[in-house]
Amino acid sequence: MNKEQIQLCGDELYNALTKRHTVKPLTERFNDISMEDAYHISLRMVERRVQAGAKIIGKKIGVTSKAVQNMLNVHQPDFGYLTHDMVYSQGEEMPISQKLMQPKAEGEIAFILKKDLIGPGITNADVLAATDCVIPCFEVVDSRIENWNIKIQDTIADNASCGLFVLGDKAVSPSKIDLSTCGMVVEKNGHIISTGSGAAALGSPVNCVTWLANTLGQFGIPLKAGEVILSGSLVPLEPVKAGDFMSVSIGGMGNASVRFV
Amino acid sequence: MGSLSKQQVEEIAQHLENAELQAQSVARITDDYPNMTCDDAYDIQWEIRRLKSSRGTKIVGMKMGLTSRAEIAEMGLEKPCYGFLADYAAIPDGGDIKHDELIHPKVEAELAFVTKVPLKGPGINIGDVLRATDFVMPAVEVIDSRYRDFSFDVNSVIADNASSSRFVAGGAMAKAEDLDLKNLGVVLEVNGNVVQIGAGAEVLGHPASSIASLANQLAERGEEIPAGTFIMVGAITTAVSVKKGDHFNVRYQGLGSVSGRFV
């Protein structure tokens, strides 16, 4: 794709986000769209958000489960940018009916960094040493693409289908928990709907953050101290609507809950 | 109430035990006895247990089955089922399991409770179970339905000793009060690949509810869970088919790991 097409697609997705309408998959309209093109589109989209006053507070990693990778026929994760207006606190009402279009919730682990991580050459040991704490998190993903009809390039271009997220109110040092085996239980409106454990995301959420640091390192982008990194879902996505209440608990870590309005 | 005669119960018990010992699959018994009840099914299971005991086989524990949300919803169940563990079913941690002795084995990650005082229903709840628990340890169950293609209904499974075949207990033990049993995570790996994950809540919302259900169901037959009983609570992960040469390793949050190999 040429520069002009990339900019137009980024603008189109930004408008879809702010005006709340969906668009046809980019992959249906641009046969030659590469994953690199898609990341440039996503950069354009986030640039527009920053121009409008948003502050980047971290990154999210997506497509970390075998099931989703098989569905999209890829063998690597993807990433998007988190902005300050996406985050909600434990127990707060999340206005999905005003802000999102086709929301789905997933439980994951958020990493809060205390040191910069600059790839390539970052190992899991570096990630653990640079992590201040881990926090239970609900991510509510959304797609600007019609009916979630996405290929990998569509979701990358659409900021990794980022929507909103909630952080729990308990932070734990990564030295206090086995991030690969820690269990997760998700409840919706009082029913247990899914369980999982850390290994669901690329074998360990730590692997995901390491992948991101090394991938961004190739483009000279660091993960910065203070950033929030959402490491990828440990359970299947769950469609949600206004009126739903969900909570996620993680063994040894605590829980996060959210009321959708 | 049962609908089968004593003679029918004995015949079916022998039929199913032969299938197990000869590793030959058979048709679902409910195809021939469509009117059999849950009580009939347990009569058959207890008759198999009596047959084994009479030959000198020791019963070394109990197991719970049909404890997952998926199974309960799919089969429309009101409660889980139980079975017993025979001495020859125990495989040491890291040990070999002879695939030829089984029909179509599957492995699933579980937890086991060991009791320190008797639990006598009815009316046993999670609190009673936790108070009566000496310790919890990780266990992997190898299930093997004696029915062709694993095709069964609840009464067939109960009669077939809840598909019990082999089990491996190992890893580290812990006091129940030191564990968050509902959120305890497991990772099941086969041949080095992560194939299933889950957390304790997969078992009836909390693994201790499974033990409570066992105590309450045994009470219906005038039985109890004696002190010192080893009980597997039911699957935390979906059961995974295994073939000869496969090896598995299950990692448990805070409880180490359990492994084994099919030879």
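Each chain gets a letter, A, B and so on, in the order its sequence line appears, and its residues count up from 1. Scope of the values below: all heavy atoms of this structure, side chains included, with no hydrogens, waters or symmetry mates.
Interface residue B/V194: backbone and side-chain heavy atoms are both found under 4.5 Å from chain A. Only the side chain of B/R69 comes within less than 4.5 Å of a heavy atom in chain A; its backbone stays farther off. With a threshold of 4.5 angstrom between heavy atoms, A/I192 approaches chain B through its backbone and through its side chain.
Residue B/E78 qualifies as open at atom CD: its count of foreign heavy atoms under 6.0 Å is 12 or below. For NZ of A/K151, the number of neighbouring non-hydrogen atoms (other residues, nucleotides, ligands) closer than 6.0 Å is 12 at most. Crowding of A/E36 atom CD: a count of heavy atoms from other residues, nucleotides or ligands under 6.0 Å not exceeding 12. Within 6.0 Å of the NZ atom in B/K120, the count of heavy atoms belonging to other residues, nucleotides or ligands exceeds 12. The number of heavy-atom neighbours closer than 6.0 Å to NZ of B/K98, taken from other residues, nucleotides and ligands shown, is 12 or below. Heavy atoms of other residues, nucleotides or ligands lying less than 6.0 angstrom from CG of A/N73 number 12 at most.
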Report the C-alpha distance between B/R251 and A/S180 in whole Å, list the side-chain angles of each, state the deciding distance to 0.1 Å, and finish with yes or no for side chain to side chain contact (heavy atoms under 4.5 Å, CB included). CA-CA 9 Å; B/R251 292 183 284 130; A/S180 172; 2.8 Å; yes
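Taking all atoms of both residues into account, the shortest heavy-atom contact from A/S197 to B/G185 is CB-CA, 4.1 Å.
Looking only at distances, no side-chain donor or acceptor of A/T195 sits under 3.5 Å from a matching main-chain atom of B/G198.
Each of A/D178, A/I193, A/I177 has some count of heavy-atom pairs under 4.5 Å with chain B, and the biggest count is that of A/I193.
Atom CG in B/L184 sits 7.5 Å away from atom OG1 in A/T181 (nearest 0.5 Å). The OG atom of A/S194 sits 9.0 Å away from the CD1 atom of B/I197 when rounded to the nearest 0.5 Å. Here the straight-line distance linking atom CE of A/M184 with atom CD of B/Q253 works out to 11.0 Å at 0.5 Å rounding. Note that CG of B/D180 is 11.0 Å distant from SG of A/C182, once rounded to the nearest 0.5 Å.
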